[in-house]
Amino acid sequence: MIDRKISPRLLEDLAYFLVVGLIGPRQAGKTTLAKQLGGQLTKPVVYFDLELDSDQRRLADAETFLAQYADHCVILDEAQ
């Protein structure tokens, strides 16, 4: 796996901010980086891929659904 120079900065940002966004071109490794960083956090991580109909349905009422994950790091992938 590629060691990204931005990883330490993103971990700092995740410790301080409630929301951190990763943007970039297609096939640049954003999903891989998000999952890799999630594995380095002390809190539990939950991952949703919004290209999956099942995850889209779960998040139809995002405020209510995500309330159960208030103490988690929530990764929302493919959130165009």
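Pairs passing the side-chain hydrogen bond (donor to acceptor under 3.5 Å, both in side chains) check and including a residue from residues 8-25, sequence neighbours excluded, read Arg9-Asp13.
For the atom pair Leu41 CG and His72 NE2, the distance stands at 12.0 Å (nearest 0.5 Å). Atom CD of Gln27 is separated from atom OG1 of Thr32 by 9.0 Å, given to the nearest 0.5 angstrom. Atom SG of Cys73 and atom OH of Tyr47 lie 12.5 Å apart (nearest 0.5 Å). Taking NZ from Lys30 and CZ from Arg4, the interatomic distance works out to 9.5 Å, rounded to the nearest 0.5 Å. A distance of 5.5 Å separates CG in Leu50 from CG in Leu76, rounded to the nearest 0.5 Å. Rounding to the nearest 0.5 Å places CG of Leu52 at 9.5 Å from CD of Glu78.
One hydrophobic cluster holds both Leu14 and Val45 under the rule that ILVMFWY side chains link at heavy-atom gaps under 4.5 Å. Linking Ile, Leu, Val, Met, Phe, Trp and Tyr whenever their side-chain heavy atoms come within less than 4.5 Å leaves Val19 and Phe48 in two separate clusters.
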Below 3.5 Å, can you tabulate the donor-acceptor pairs from side chains in residues 58-66 to any protein atom, sequence neighbours excluded?
| from | atom 1 | to | atom 2 | distance (Å) |
| --- | --- | --- | --- | --- |
| Arg58 | NH1 | Asp55 | OD1 | 2.4 |
| Asp61 | OD1 | Thr64 | OG1 | 3.3 |
| Asp61 | OD2 | Thr64 | OG1 | 2.7 |

For side-chain contact (heavy atoms from CB on, under 4.5 Å), just list the numbers for Ile75 and Asp49, CA-CA rounded to whole Å, side-chain angles, deciding distance to a tenth of an Å, and then say yes or no. CA-CA 8 Å; Ile75 298 173; Asp49 181 349; over 6 Å; no
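Of all the heavy atoms in Ser7 and Leu33, the pair that sits closest is OG-CD1, 3.6 Å.
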